[in-house]
Participant: 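I am attaching a structure below and will ask some questions about it afterwards.
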Amino acid sequence: MINNFKSFSALPEQLQVEALREGEARMQAQLAVATAADQRALTWGGMLVAAATGAIGGGLALIGKSTPDYVLGLLAVGFSFAMMIASWHSLQTVQPGQFCLPGNRPANWLPENWECIGTDGRMVQQARREQAEHLSNQIAENAENASKRAAKMARSFKLAKVTLFVSGAILLAIIAARFFDHGAMLLIEQAFSRCLGRN
């Protein structure tokens, strides 16, 4: 982050105005991206919650039926918990937080809030310099916040992908074992029954 904007005053007036215009445009773009990211996180988080709800309902139904299927039931419950954790990471990104908005409060333009010294021309240059510094710091702060939120979303996506892959592989193994080797599945199911204290 650039904190020294003293050389900004030496730029031609046209460049100063253009730099401020581009800074405002950059902040508008950051706001649009942040809004879209929040919508994406809410949609993704909602989808994960729906998947987790269906999985835990199915898992509990499999475990609670008259002839319980502990293997598939516990797989579904484990899948559900992993999806809920992924959803939590996703929904953390939309929690209210500090975000710098474009523009400036009119009160900030009062002479007592600026380091306005010298002639009127120098006062304008000083005001532009301080506004440029203010914009640059806000843009950097927004970028840092966006990076932190993106890391949380990345964790959510990664956990969901790993969970889908691992759960899918286990499910395929169970299906294959049940289809090809009834004896192996019977042993696995008896082991789960003993672990849960049921005969």
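Scope of the values below: all heavy atoms of this structure, side chains included, with no hydrogens, waters or symmetry mates.
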Participant: When you measure from the side chain of Asn142 to the backbone of Cys100, do you find a donor-acceptor pair of N or O atoms at a distance under 3.5 Å?
Facilitator: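 Here the side-chain-to-backbone pair exists.
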Participant: Can you check whether Gln16's main-chain N or O pairs, donor with acceptor, with Arg128's side chain at less than 3.5 Å?
Facilitator: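 Checking the backbone N and O of Gln16 against the side chain of Arg128, no donor-acceptor pair under 3.5 Å is found.
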Participant: Can you tell me how far the OG1 atom of Thr163 sits from the CE atom of Met83, to the nearest 0.5 Å?
Facilitator: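 Taking OG1 in Thr163 and CE in Met83, the distance rounds to 4.0 Å.
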Participant: Report the C-alpha distance between Val71 and Ile170 in whole Å, list the side-chain angles of each, state the deciding distance to 0.1 Å, and finish with yes or no for side-chain contact (heavy atoms from CB on, under 4.5 Å).
Facilitator: CA-CA 10 Å; Val71 177; Ile170 293 171; 5.9 Å; no
Participant: Would a 4.5 Å heavy-atom cut-off, applied to side chains only, mark Leu164 and Phe79 as touching?
Facilitator: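 In contact.
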Participant: Do you know which two heavy atoms are closest between Leu42 and Leu91, and how far apart they sit?
Facilitator: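 That closest heavy-atom pairing would be CD2-CD2, 4.0 Å.
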Participant: Are more than 12 heavy atoms, taken from residues, nucleotides or ligands other than Met84, located less than 6.0 Å from that residue's CE atom?
Facilitator: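 Check fails, neighbour count at 12 or below.
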Participant: I'd like to know if Val162 and Leu172 are part of one continuous hydrophobic network [Ile/Leu/Val/Met/Phe/Trp/Tyr, side-chain heavy atoms within less than 4.5 Å].
Facilitator: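 Each belongs to a different hydrophobic cluster.
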Participant: Would you find a donor on one side and an acceptor on the other, under 3.5 Å apart, between the side chain of Ser136 and the backbone of Ala132?
Facilitator: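 Checking the backbone N and O of Ala132 against the side chain of Ser136, no donor-acceptor pair under 3.5 Å is found.
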Participant: How far apart are the closest heavy atoms of Ser87 and Ser156, and which atoms are they?
Facilitator: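 Shortest heavy-atom separation between Ser87 and Ser156 comes out as N-OG, 4.4 Å.
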Participant: Determine the minimum heavy-atom distance between Val94 and Ala41, stating which atoms define it.
Facilitator: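 Shortest heavy-atom contact: CG1-CB, 3.8 Å.
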Participant: Check Ala143 against Gln30 and note the closest heavy-atom contact, atom names and distance.
Facilitator: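 Smallest interatomic distance, heavy atoms only, reads N-NE2, 3.7 Å.
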Participant: Is it the case that one hydrophobic cluster holds both Ile174 and Val166, taking links as side-chain heavy atoms less than 4.5 Å apart, direct or via other members?
Facilitator: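 Hydrophobic grouping puts Ile174 with Val166.
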Participant: Sort and list the pairs that fulfil salt bridge (charged side-chain N to carboxylate O under 4.0 Å, His left out) and have at least one residue in residues 24-34, not counting sequence neighbours.
Facilitator: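 For residues 24-34, and leaving out neighbouring residues, there are no salt bridge (charged side-chain N to carboxylate O under 4.0 Å, His left out) pairs at all.
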Participant: Hey, does Phe99 have a side-chain heavy atom less than 4.5 Å from the side chain of Asn145?
Facilitator: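 In short, these two side chains do not touch, never coming nearer than 4.5 Å.
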Participant: So does Phe157 have more than 12 non-hydrogen atoms from other groups sitting under 6.0 Å from CZ?
Facilitator: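 Counting other residues, nucleotides and ligands, CZ of Phe157 exceeds 12 neighbours.
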Participant: Within the supplied structure, the quantity of interest is the number of heavy atoms (other residues, nucleotides, ligands) at a distance under 6.0 Å from Glu22 CD; does it exceed 12?
Facilitator: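 Check passes, neighbour count above 12.
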Participant: Does a side-chain heavy-atom distance below 4.5 Å link Lys152 with Ser90?
Facilitator: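 Lys152 vs Ser90: side chains apart.
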Participant: How far apart are the C-alpha atoms of Met153 and His89, what are their side-chain angles, what is the distance that settles it, and do they pass the side-chain contact (heavy atoms from CB on, under 4.5 Å) test?
Facilitator: CA-CA 6 Å; Met153 277 299 289; His89 282 298; over 6 Å; no
Participant: Hey, could you give me the CD1/CG distance between Ile63 and Asp69, rounded to the nearest 0.5 Å?
Facilitator: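 Reported to 0.5 Å precision, the distance equals 9.0 Å.
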Participant: Hydrophobic clusters here meaning ILVMFWY residues chained together by side-chain heavy-atom distances under 4.5 Å, can you tell me if Val17 and Leu11 are in one?
Facilitator: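 No, Val17 and Leu11 fall in different hydrophobic clusters.
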Participant: Ignoring hydrogens and geometry, is there a side-chain-to-backbone donor-acceptor pair from Ser80 to Ala76 under 3.5 Å?
Facilitator: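 Checked: no pair found.
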